Number of protein chains: 2
Amino acid sequence: MNAEEILKLHVAKSITIPGEQFSYFFSHFEQLTFKKGQAIISDGDKVEHEYFVLDGCLKSFYLNDEVRMFILQFAMPGWWASDYNALYNGGRATINVDCVTNAEVLRLSSTDREKLCKEIHEIEYFFRWRTNKGYAAAQKKMLSFMNNDARSRYEELMQQYPALYNLVPKHLIAAYLGVSRETLSRLYHT
Amino acid sequence: MNAEEILKLHVAKSITIPGEQFSYFFSHFEQLTFKKGQAIISDGDKVEHEYFVLDGCLKSFYLNDEVRMFILQFAMPGWWASDYNALYNGGRATINVDCVTNAEVLRLSSTDREKLCKEIHEIEYFFRWRTNKGYAAAQKKMLSFMNNDARSRYEELMQQYPALYNLVPKHLIAAYLGVSRETLSRLYHT
DNA sequence: TGTTGAATGTGATGTAGGTCACCCTATTAC
DNA sequence: GTAATAGGGTGACCTACATCACATTCAACA
């Protein structure tokens with residue numbers, strides 16, 4: 001399946017638009033290839049794009065004192081990633097995004113997104129819908145964090161995304177769960 | 001200042017629409033008065049509305065085993081509250097919303113919101129903008145939670161919303177910070 | 001082929017914050 | 001008025017998790 005088809009399927013989850021309109025929408029995306037470990041957005045960058053993952057896995061994360069890493073999200077195929085705070089407020093990045101594996105992504109500029117939202121009402125609906133999803137997910141993660149201990153958060157994650165176990169190094173999973181790698185290691189060696 | 005003017009100011013932060021169009025928008029809201037302690041959305045309810053706070057303070061919270069309370073948000077004047085997950089997915093509420101103080105709110109149904117978004121492109125933009133704000137805030141809260149200990153989260157909150165100190169009982173502030181009321185008490189009696 | 005460094009496991013020990021128990025003081029209800 | 005209930009403080013103790021230190025495995029690569 002090519003990039004256009006993948007994005008079309010994704011968009012079709014919330015809206016239906018005619019083919020030529022979708023082609024126009026798609027024409028604003030730029031397809032990019034990244035290697036494992038490559039940075040996409042770094043702390044301090046001007047943030048002008050968001051990224052739709054076609055293949056591979058990204059992570060968005062925050063670095064505390066440039067030392068400890070907290071992962072906000074693993075972005076799998078069909079997910080979007082950026083520093084949305086910086087993207088919408090025009091500020092500099094405080095969130096980093098890079099590649100956990102080799103990755104294929106589609107890049108859309110903030111300027112183009114706003115242009116498209118203005119031109120095509122359905123597209124504005126699509127982006128509202130997408131952000132809603134993100135908001136609900138962020139809230140759910142917050143609750144899971146306040147409610148549960150490290151073990152149940154780990155089990156929850158593995159149940160929801162079993163693929164992560166083999167795809168992602170354990171210390172990154174620890175950084176997502178908000179525990180030290182030592183604690184995570186002890187968790188599943190019971 | 002009356003309800004219409006308050007909402008107009010709020011909306012004007014992101015869009016400009018002609019007066020008669022705003023009046024049409026406003027006509028879909030219903031103004032309601034609640035007493036301190038009154039429930040607005042309870043676990044298990046069908047969720048069909050969202051609420052814009054004119055005066056007073058609401059809280060949205062989750063009850064773990066019907067025992068421990070985790071507060072997601074205090075909704076002050078100019079803020080919106082609902083169980084957005086249930087509201088957008090048509091499910092039953094898992095989040096509760098009630099009144100920390102006596103409150104004046106404007107209520108908008110999900111049906112009307114979607115109707116208005118379809119009819120008036122600017123309104124759709126407004127709701128996209130609002131959800132974006134919410135998403136960025138949720139992400140920021142998540143990071144603060146992963147990064148900081150209870151004391152700095154408490155100081156951060158008091159610095160950002162000093163009004164809460166006198167407005168809201170301490171055990172609710174504890175439930176927002178995700179610590180026990182005992183721990184919070186010890187925090188500021190150093 | 002040996003070296004380096006990333007990823008991981010594991011013991012010892014420290015600590016933030018939870019839990020339980022009990023206290024006192026305001027409100028609110030009757 | 002008195003009773004009942006919400007809000008809040010504080011000591012004793014416990015637990016989940018962090019931190020530090022060190023060992024092991026394995027892949028990259030000079």
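Throughout, protein chains are lettered first and strands after them, A, B, ... in sequence-line order, and every chain is numbered starting at 1. This structure is a prediction, so every number in the text was calculated from the model and none was measured.
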Within the 4.5 Å heavy-atom criterion, are [X] and [Y] side-chain neighbours or not?
X        : Y        : result
B:Leu72  : A:Met142 : yes
B:Leu164 : B:Leu172 : no
B:Asn89  : B:Asn85  : yes
A:Ser109 : A:Lys115 : no
B:Leu108 : B:His49  : no

Between [atom2] of [N] and [atom1] of [X], the distance in whole Å:
X        : N      : atom1 : atom2 : value
B:Met146 : C:dA16 : CE    : P     : 20 Å
B:Tyr154 : C:dG17 : OH    : C1'   : 17 Å
B:Phe145 : C:dG17 : CZ    : P     : 10 Å
A:Leu187 : C:dT8  : CG    : C1'   : 14 Å
A:His189 : C:dA7  : NE2   : P     : 16 Å
A:Lys170 : C:dT10 : NZ    : P     : 14 Å

May I have the list of side-chain donor-acceptor pairs in residues 132-139 of chain A shorter than 3.5 Å, sequence neighbours left out?
unit_1: A:Asn132; atom_1: OD1; unit_2: B:Tyr88; atom_2: OH; d: 3.3
unit_1: A:Tyr135; atom_1: OH; unit_2: A:Gln139; atom_2: OE1; d: 3.3

#### Entry: Position toward the 5' end of DNA chain C (nearest nucleotide), B:Arg153 or A:Leu184
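Looking at DNA chain C, the more 5' nearest nucleotide goes with A:Leu184.
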### Message
Looking only at the aromatic ring of each residue, does the gap between the centers of B:Tyr161 and B:Tyr165 stay below 6.0 angstrom?
### Response
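Between B:Tyr165 and B:Tyr161, the centre distance exceeds or equals 6.0 Å.
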### Message
Measuring centre to centre across the rings, with the benzene-like ring taken for any Trp, is B:Phe29 within less than 6.0 Å of B:Phe52?
### Response
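Not close enough - the centres of the two rings lie 6.0 Å or further apart.
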### Message
So for atom NZ, which belongs to A:Lys36, do other residues, nucleotides or ligands contribute more than 12 heavy atoms lying within a distance under 6.0 Å?
### Response
no
[N], OP1 or OP2 - any side-chain N/O from [X] closer than 4.0 Å?
X        : N      : value
B:Arg151 : C:dT15 : no
B:His171 : D:dA6  : no
B:Ser180 : C:dG17 : no
B:Thr183 : C:dG18 : yes

Filtered N/O pairs between nucleotides 24-30 of chain C and protein, under 3.5 Å:
none

### Query
Just checking, is any N or O donor in the side chain of A:Gln73 or A:Tyr176 under 3.5 Å from an acceptor N or O on the other one?
no
#### Entry: Closest contact, heavy atoms only, B:Tyr51 versus B:Val105
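Answer, listing the atom of B:Tyr51 first, then B:Val105: CD2-CG2, 4.0 Å.
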### Shortest non-hydrogen contact from B:Leu87 toward B:Glu48
CD1-C, 3.7 Å
### Query
In residues 156-169 of chain B, which residues come under 4.0 Å of DNA chain D by heavy atom?
B:Pro169
### Query
Touch check for B:Gly178, heavy atoms < 4.0 angstrom, all strands: base, sugar-phosphate only, or nothing?
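Contact class for B:Gly178: sugar-phosphate only.
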Distances for protein N or O near nucleotides 20-30 of chain D N or O, under 3.5 Å:
unit_1: D:dC20; atom_1: N4; unit_2: A:Glu182; atom_2: OE2; d: 3.3

Give each protein N/O atom lying under 3.5 Å from an N/O atom of nucleotides 14-16 of chain D, with the pair distance.
none

### Query
Counting N and O atoms only, with roles assigned by atom type, does the side chain of A:Ser180 sit under 3.5 Å from a partner on the main chain of A:Thr183, one being a donor and the other an acceptor?
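Between the backbone of A:Thr183 and the side chain of A:Ser180 there is a qualifying donor-acceptor contact (under 3.5 Å).
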Taking distance alone, no hydrogens or angles, what donor-acceptor pairs closer than 3.5 Å link side-chain atoms of residues 54-62 of chain B to residues at least two apart or in another chain?
unit_1: B:Lys59; atom_1: NZ; unit_2: B:Asp98; atom_2: OD1; d: 2.8
unit_1: B:Lys59; atom_1: NZ; unit_2: B:Asp98; atom_2: OD2; d: 3.2

